[in-house]
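Read the structure below first, then the notes.
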Protein chains: 2
Amino acid sequence: MPATAIDRDVEQHLRTKEIRYTPGRRAVVTGLAAAVGPRSAAELHADINNLVPLSSLYRTLAVLEEAGVIVPHFGTKGLTRYELAEWITGHHHHLICISCGAVDDIDIPAPHESEVRRLVDEIGETANFTPVNHTLDIEGKCARCQ
Amino acid sequence: MPATAIDRDVEQHLRTKEIRYTPGRRAVVTGLAAAVGPRSAAELHADINNLVPLSSLYRTLAVLEEAGVIVPHFGTKGLTRYELAEWITGHHHHLICISCGAVDDIDIPAPHESEVRRLVDEIGETANFTPVNHTLDIEGKCARCQ
DNA sequence: TTCCTTGCAAACGATTTGCATTGGA
DNA sequence: TCCAATGCAAATCGTTTGCAAGGAA
């Protein structure tokens, strides 16, 4: 029944954790896989055509987050948006246009990425803080808004 | 009446915009200036000893944000925290504890900072994007939560 | 049968708003 | 005087939870 590679990977991932991959959960994952950027509960609810009531959707999001399938993103006032975890989508950063508000995912070249990681580790060490993840968001003007 | 340099700068800044620097607003700015990292409305409310009721506090925060004195930070689920704008505090980054939720400001050494800026500029060039600002948030475990 | 999952409705916490009052310029 | 700022209470919005019903193992 898995429709896509992502779907199959998630199914496998959940099986090893003995978490059921129910139709509602599958719908959410599929919705996120189809989305361009991070989606809020309400947006997902619409995306999957009200298939799952909001309260169940929230519970589904909590389960998937706990299972490491999705990751919350706090970029907007009073709203949590979720996206598939980086082991599915790959590590990436965000370009945020201050003019039109668009958010783009961006992959940066591996050498740059490891430079960032090295910096982050160094900073953490100095501050007695154990880094688990980092977000490098770049705000500026996108190509269309120059 | 301005007590600190920050207070004086903000007073001046607001005067040019013809926005009144009332006692309530001054209290919020002073509270933020005294704080270690970004503060939520509720935290500030406590910080300034309930001097300003929450509803007015929220209005004050909106005014100060609109005026460019403070800046919102979305790092934690369901909460908006504010901090003084960078023209007041200087450029800095954030350490976000995934365990207790605390957010700390961190200055990183100038060489590191210019490395980051160089990276950001290079990334922008590649993506045909003009960087104006960047945020490097590091999520992990703080000293107390190790 | 025994859990886990779901749906509904009510509860919750953060934030916003309407409205009447206060207070500076 | 006049408009902005304030305080209170009620409303709103996103999210969470209690509880009873449905479904898979």
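Chain identifiers are assigned alphabetically (A, B, ...) following the order of the sequence lines, protein sequences preceding nucleic acid strands; residue numbering begins at 1 within each chain.
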Using atom types as modelled, flag every donor-acceptor pair under 3.5 Å from a side chain in residues 27-35 of chain A to any protein atom, sequence neighbours excluded.
{"residue": "A:Thr30", "atom": "OG1", "partner": "A:Arg26", "partner atom": "O", "Å": "2.8"}

Please tabulate, for side-chain N and O atoms in residues 119-132 of chain B, each donor-acceptor pair with protein atoms closer than 3.5 Å (sequence neighbours left out).
{"residue": "B:Glu122", "atom": "OE1", "partner": "A:His112", "partner atom": "NE2", "Å": "3.0"}
{"residue": "B:Glu122", "atom": "OE2", "partner": "B:Arg118", "partner atom": "NH1", "Å": "3.2"}
{"residue": "B:Thr126", "atom": "OG1", "partner": "B:Glu122", "partner atom": "O", "Å": "2.9"}
{"residue": "B:Thr130", "atom": "OG1", "partner": "A:Gln146", "partner atom": "OE1", "Å": "2.7"}
{"residue": "B:Thr130", "atom": "OG1", "partner": "A:Gln146", "partner atom": "NE2", "Å": "3.2"}

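Spacing between atom CZ of B:Arg26 and atom P of D:dT6 amounts to 12 Å, rounded to whole angstrom units. Rounded to whole Å, the distance from CZ on B:Phe74 to P on C:dT15 is 10 Å. Going from atom CZ of B:Arg81 over to atom C1' of C:dT15 covers 15 Å, rounded to whole Å. Nucleotide D:dT16 holds its P atom 11 Å from the CG atom of A:Leu54, rounded to whole Å. Residue B:Glu65 contributes atom CD, which lies 13 Å from atom C1' of C:dT15 at whole-angstrom precision. Rounded to whole Å, the distance from CG on B:Leu57 to P on C:dT16 is 11 Å. Going from atom CG of B:Leu61 over to atom P of D:dA5 covers 14 Å, rounded to whole Å.
Between the side chain of A:Trp87 and the backbone N or O of A:Val69, no donor-acceptor pair lies under 3.5 Å. At distances below 3.5 Å, at least one donor-acceptor pair connects side-chain atoms of A:Arg25 with backbone N or O atoms of A:Arg20.
There is no side-chain donor-acceptor pair under 3.5 Å between A:His92 and A:Glu113.
Residues forming a salt bridge (charged side-chain N to carboxylate O under 4.0 Å, His left out) with B:Glu66 (at least two apart in sequence, or on another chain): none.
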Polar atom pairs (N or O), protein with nucleotides 4-7 of chain C, under 3.5 Å:
{"residue": "C:dT5", "atom": "OP1", "partner": "A:Arg25", "partner atom": "NH1", "Å": "2.8"}
{"residue": "C:dT5", "atom": "OP1", "partner": "A:Arg25", "partner atom": "NH2", "Å": "3.1"}
{"residue": "C:dT5", "atom": "O5'", "partner": "A:Arg25", "partner atom": "NH2", "Å": "3.4"}
{"residue": "C:dT6", "atom": "OP1", "partner": "A:Thr22", "partner atom": "OG1", "Å": "2.8"}
{"residue": "C:dG7", "atom": "OP2", "partner": "A:Ser56", "partner atom": "OG", "Å": "3.1"}
{"residue": "C:dG7", "atom": "N7", "partner": "A:Arg59", "partner atom": "NH2", "Å": "3.2"}
{"residue": "C:dG7", "atom": "O6", "partner": "A:Arg59", "partner atom": "NH2", "Å": "2.6"}

Identify all pairs in which a protein N or O lies below 3.5 Å from an N or O of nucleotides 10-14 of chain C, and state each distance.
none

Practice prompt. Show your working on ring-ring contact (aromatic ring centres under 6.0 Å, His included) between B:His94 and A:His134 and close with a plain yes or no.
Written response: CA-CA 10 Å; B:His94 293 124; A:His134 65 266; over 10 Å; no

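Within the structure, every pair that satisfies the salt bridge (charged side-chain N to carboxylate O under 4.0 Å, His left out) test and touches residues 34-59 of chain A, not counting sequence neighbours, is listed here: A:Arg39-A:Glu43, A:Arg39-A:Asp47, A:Glu43-A:Arg81.
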